Structures are given as structure tokens and as C-alpha cells.
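Worksheet: the structure to be examined is printed underneath.
A note on names: the letters A, B, ... follow the listed sequences, proteins ahead of strands, and every chain is numbered from 1. The structure displayed is predicted, hence computed values, not measured ones.
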Amino acid sequence: MDDSTSITLDAIHLLFSGDAELWAIIGVSFQVSSTAIFISVPPALIIAFILAYADFPGRRLLISIFNTLLAVPAVVIGLTFYLLLSRQGILGDWRLLFTQSAMVMGQAALSFPILVAMGHAAFQAVDKRAWETARTLGANRMRAFYTVMKEARFGLLAALFSAYGRIIAEVGASMMLGGNILNYTRNIPTAIALETSKGEFSQGIALGLVLIILAFTLNTFLQYFQGKGHLSN
Amino acid sequence: MKTEIYNTFINFSDIRKRFGQKQILDNSDIEIKSGKCILLYGKNGSGKTTFLRIIAGLETPDSGFVNTGLGKYHWKKCRQQLRNSVVYLHQQPYMFEGDVISNLNFSLHNKLNQKQRLQRIRSALKWAGLESIAENSAKTLSGGELQRVAITRAWLRNPEILLLDEPVTNMDYESRLRTIDLLLNLKQQGVALVVSSHDPVHFEALTDNCLQLSEGRLSDYTSSENITPINYKKYIYEHTY
């Protein structure tokens with residue numbers, strides 16, 4: 001067996017042996033990223049809907065800004081929040097730097113433009129008659145919004161999964177804002193970076209496998225959910 | 001201020017709407033009576049759809065007043081009441097994802113329980129002769145079926161006024177007859193109908209009053225008795241070209 005095969009086998013063994021440290025890292029990752037998504041989804045979808053359905057001055061500029069924010073590297077988001085949360089920063093009194101809350105803030109900020117931009121595209125794909133039909137049939141704004149969300153559900157789910165996949169795998173913001181503290185702020189990507197720098201590849205590959213399995217599961221779920229309704233002619 | 005839609009008539013006056021430089025509606029008035037059908041006739045781009053959307057509360061006019069029999073109020077004050085009493089059907093009605101039953105279910109009041117909902121949906125399907133397509137996907141319906149499902153969905157909402165934008169366009173003869181038959185039935189039930197169409201002749205049996213929209217203004221042109229297949233070509237020629 002060559003080195004890479006042996007390391008991969010070690011990684012699989014480590015993953016399924018119930019290694020407490022490894023699973024704690026996985027737990028932190030899911031906890032932080034799920035909280036960040038949970039916080040950013042409602043406002044992002046409302047903004048995406050408004051951008052798609054309402055006509056107001058500055059709408060195109062806002063769309064351009066959100067599309068531009070898609071390209072901002074995670075490390076820049078991390079740096080921005082680091083400056084805000086550090087002792088000298090305007091949010092320094094909150095004492096959140098190197099906590100899970102700081103990581104949540106960074107990841108929520110990262111996921112927000114993805115949710116807005118992809119959500120906007122998903123809402124735009126739904127005929128405006130859907131909103132008008134719901135309203136003329138007596139639906140209040142909330143019910144009409146929910147109806148349009150149902151019509152746009154495939155695009156919105158794709159936005160949700162893309163944003164989740166992006167933040168659970170990002171390393172820059174988590175490292176700068178969380179500080180990579182074991183059993184507290186060490187998540188999958190920061191642990192991979194650390195273990196790789198130490199030459200401990202097995203744990204890094206095991207954690208990488210978790211990310212790949214997660215991505216595969218999300219995509220399989222999306223494909224299953226879309227069903228046969230979206231076969232192109 | 002709360003106003004009730006009086007069930008005898010509703011009057012819209014001084015409706016004005018401008019898109020950019022073009023004055024679409026200029027001081028247009030209309031009186032809609034329950035159990036009566038108004039045919040709104042005009043060229044493409046004359047503002048028929050905009051006018052219907054304003055009546056439905058979906059489009060905001062630059063100015064306009066609504067008299068429900070209890071007083072004359074600004075359109076904005078009556079917007080919610082309009083939405084509660086008026087249903088607007090698009091030229092190509094929109095169907096939500098799901099089958100015909102789930103689309104009909106959308107119109108039903110939230111206070112109804114499951115059994116009451118099913119009962120009402122069943123009676124609606126029977127009323128419109130849609131039983132055979134009840135479980136079909138609403139997105140795959142033909143033009144005629146789509147319009148009849150949309151009318152049935154509107155009927156379940158118990159509207160006082162039903163607005164139809166070119167309801168029989170691109171429909172075959174049989175579908176057209178079945179659609180008009182449903183509308184006649186609605187009219188007999190006391191629902192006020194406002195139908196916009198290029199082809200007044202299709203609505204001969206339905207129409208009580210024909211209004212022409214031209215250069216932003218509505219004029220009472222003729223009663224439906226004058227729009228017969230015999231003088232239809234002359235009528236269209238004189239008022240379209």
C-alpha cells in the first residue's frame with residue numbers, strides 16, 4: 001500500500017471509530033453554520049423577494065451590490081468583522097472575538113449575498129401572475145409571499161444549499177473570528193488547515209470526507225426534491 | 001375608514017393613469033351592477049387591462065374615486081375592500097403547482113375544516129363539469145380547461161365582481177361556449193362581470209352594456225343587441241381601424 005492509500009484508510013477508520021475530538025469538531029461546524037443560515041435566511045429571502053417584485057429607485061444598484069458581494073473572499077469578511085469585534089473596534093465591548101458567536105456573524109455575512117442573489121434569481125423566475133393571482137384570490141401579503149416561495153422552491157433550495165455549502169467549508173472567516181480553539185471554535189476547515197500544517201493528514205482527510213459526504217447529501221436531496229418536474233424538453 | 005361594498009352597484013370615477021408620457025386612462029368612469037355584464041372593448045394597448053387591474057386593486061391609479069353606495073372615497077381607501085370583493089382573471093390565468101383540486105382549495109376560506117373544503121370543492125367541480133380533470137396537474141391544462149378552472153376558483157371565492165381579461169382568446173368553439181355558459185351562470189347568481197375582449201360577438205348572450213375604451217376614455221357605445229355576427233365585421237372595422 002502506498003502512503004496516500006494508507007492515510008485514506010486511516011482517515012476512514014478514524015471517522016467511524018467515534019473519535020471524540022473529531023466528532024466535536026464536526027459538531028462545532030454544523031452548530032455554527034446552521035445557526036448562521038438560520039439567522040440569515042429570513043431577511044435574505046425578504047430582500048430577494050423585494051428586489052424581484054418591487055420597483056423602487058436604487059433597485060438595480062442594490063442588485064449589483066449583492067452580486068458584487070458574492071465575490072468577496074471569506075478572509076476579507078473575516079478581517080472586516082475582526083476589526084469590528086477587536087478591542088479597539090466599534091463592537092469591541094461585546095467581547096465576541098474568538099467565540100462561536102463571532103464565527104456565526106462572519107458566516108451569516110458570507111451566506112447573506114449568496115441567499116439574496118440566488119433567491120432573487122429564483123423569485124424572478126416565477127411569473128408575477130403568481131403573486132397577483134394569490135392576492136386577487138384573497139391571500140394576505142404573508143400568504144401570497146409563502147405561495148410565491150412555494151412556486152420558487154427549487155431555486156430557493158438551491159440557494160440555501162449553496163450558501164450552506166459555502167459557509168461550512170470556508171476557512172478564512174472562521175480562523176480569524178473563531179481562533180481555532182479546540183472543542184469550542186475549531187470547525188472542520190480550520191481543523192483541516194491545522195492538521196495539514198502539522199503533517200497529520202489522516203484527520204484532515206477524514207474531515208474532508210465529511211464535507212464531501214455533506215455536499216453529496218445536499219445535492220442528492222435537491223435532485224430528489226426536484227423530481228421529474230424539471231426535465232428539459 | 002371602513003366601507004362595505006354595496007351589492008347593487010359600485011361606481012368608479014375620474015380614473016386616471018399615465019405610463020411615462022402616455023396617458024392610458026383619462027377621467028374614465030364606470031358603474032358596475034350586480035348580475036350585469038359589461039363588455040369592455042378597445043384596441044390593443046388601449047388600456048383595457050390596466051383599467052381592469054385598477055378595479056381589481058392590483059394597479060394603483062394616479063387618481064380615482066370609488067362609490068360603493070355609501071359615499072365616494074378615494075381609490076386607496078377602498079383598495080382592501082376591492083380586493084375582498086373583486087376577482088381578476090388574467091388573459092392566461094396562472095395555476096399554482098399541484099392538481100386542479102389544490103388550486104381550487106386555494107380560494108377557500110381558512111376557517112373551513114377539511115371536510116367542508118372537500119364538499120365545496122366537489123360541488124365546484126360538478127358545477128363547472130371539471131370532475132374528470134380534478135386530479136390533473138393544473139400546469140398541463142388546455143386553454144379552455146385553464147379558463148374554466150380559473151373561473152371555478154374565482155367562484156369559490158364568492159366574488160361580487162369578476163373581471164375577465166380576454167377570456168376566450170385562442171379558444172376553440174366548444175371551449176368558448178362552455179366558458180360563456182359558466183359566466184352566464186355566474187351572472188344569474190348575481191355576480192357582476194366586466195369582460196374585456198377584441199371580439200364582442202363572442203359575448204352576445206352575456207353582455208348588457210358595451211363600453212369602448214379609446215384614447216383613455218370610456219364611452220357607452222352600444223347595447224349588445226347591436227353586436228350580432230351579421231354586423232360584427234362592420235362593427236370591428238369601424239371601431240378598430
Side-chain angles (χ1 to χ4, degrees), chain A residues 45 48-60 118-119 121-161 221-233, chain B residues 19-20 49-50 52-60 79-99 102-112 124 137-140 146-147 149-165 194:
Chain A
L45 289 190
F49 177 80
I50 291 168
L51 289 175
Y53 274 74
D55 194 13
F56 57 91
R59 177 178 157 270
R60 281 166 186 252
M118 289 184 71
F123 280 126
Q124 259 195 333
V126 176
D127 198 314
K128 276 201 172 184
R129 289 175 304 152
W131 169 262
E132 290 180 352
T133 302
R135 291 291 276 156
T136 200
L137 290 173
N140 59 25
R141 282 176 195 274
M142 269 313 290
R143 190 178 173 212
F145 176 57
Y146 175 71
T147 304
V148 175
M149 270 179 60
K150 267 174 72 181
E151 298 292 299
R153 62 191 178 282
F154 301 129
L156 294 180
L157 264 181
L160 181 70
F161 291 165
F221 180 71
L222 187 61
Q223 286 298 319
Y224 175 78
F225 196 73
Q226 284 180 336
K228 290 177 183 173
H230 276 55
L231 273 177
S232 42
N233 293 318
Chain B
F19 287 122
T49 299
T50 304
L52 292 185
R53 288 167 59 82
I54 287 170
I55 296 174
L58 293 172
E59 185 91 44
T60 309
R79 187 173 193 164
Q80 194 52 48
Q81 276 70 42
L82 291 176
R83 283 203 165 134
N84 291 339
S85 314
V86 182
V87 173
Y88 168 76
L89 298 192
H90 293 91
Q91 185 172 345
Q92 184 78 9
Y94 187 85
M95 290 290 139
F96 301 115
E97 285 277 339
D99 57 16
S102 67
N103 268 274
L104 297 182
N105 190 37
F106 189 91
S107 294
L108 293 174
H109 203 282
N110 287 336
K111 286 176 184 167
L112 295 176
S137 165
K139 296 275 188 194
T140 59
L146 196 70
Q147 197 63 252
V149 171
I151 292 170
T152 312
R153 192 169 61 177
W155 178 68
L156 280 169
R157 176 95 188 115
N158 290 326
E160 291 181 53
I161 301 170
L162 182 60
L163 310 172
L164 300 107
D165 195 356
V194 182

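- How far CZ of Phe106(B) is from OG1 of Thr147(A): 3.5 Å, rounded to the nearest 0.5 Å.
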- Item | Verdict with supporting geometry, Leu58(B) and Trp131(A), side chain to side chain contact (heavy atoms under 4.5 Å, CB included) | CA-CA 10 Å; Leu58(B) 293 172; Trp131(A) 169 262; over 6 Å; no

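- Geometric assessment of Arg135(A) against the ring of Tyr88(B) yields a negative cation-pi assignment under the 6.0 Å and 45° thresholds.
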- Apply the test side chain to side chain contact (heavy atoms under 4.5 Å, CB included) to residues Arg153(B) and Thr133(A): give CA-CA distance (whole Å), side-chain angles for both, the deciding distance (0.1 Å), then the verdict. CA-CA 10 Å; Arg153(B) 192 169 61 177; Thr133(A) 302; 3.2 Å; yes

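- Proximity to chain A is limited to the side chain of Arg53(B), based on heavy atoms less than 4.5 angstrom apart.
- The shortest distance between side-chain heavy atoms of Tyr94(B) and Val126(A) falls below 4.5 Å.
- In this structure, the portion of Pro93(B) lying under 4.5 Å from any heavy atom of chain A is its backbone and not its side chain.
- Between Arg83(B) and Glu132(A) no salt bridge is recorded (no basic side-chain N to carboxylate O distance below 4.0 Å).
- Across all non-hydrogen atoms, the minimal contact from Ala154(B) to Leu137(A) is CA-CD2, 4.3 Å.
- Residue-level contacts of residues 50-60 of chain A with chain B do not occur; threshold 4.5 Å between heavy atoms.
- When the shell of 6.0 Å around CD of Gln92(B) is examined, it contains 12 or fewer heavy atoms from other residues, nucleotides or ligands.
- Around CZ of Phe19(B), the count of heavy atoms belonging to other residues, nucleotides or ligands within 6.0 Å exceeds 12.
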- Please walk me through it: do Glu151(A) and Phe96(B) pass side chain to side chain contact (heavy atoms under 4.5 Å, CB included)? CA-CA 7 Å; Glu151(A) 298 292 299; Phe96(B) 301 115; 3.5 Å; yes

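- Residue His90(B) holds its NE2 atom at 11.0 Å from NZ of Lys128(A), rounded to the nearest 0.5 Å.
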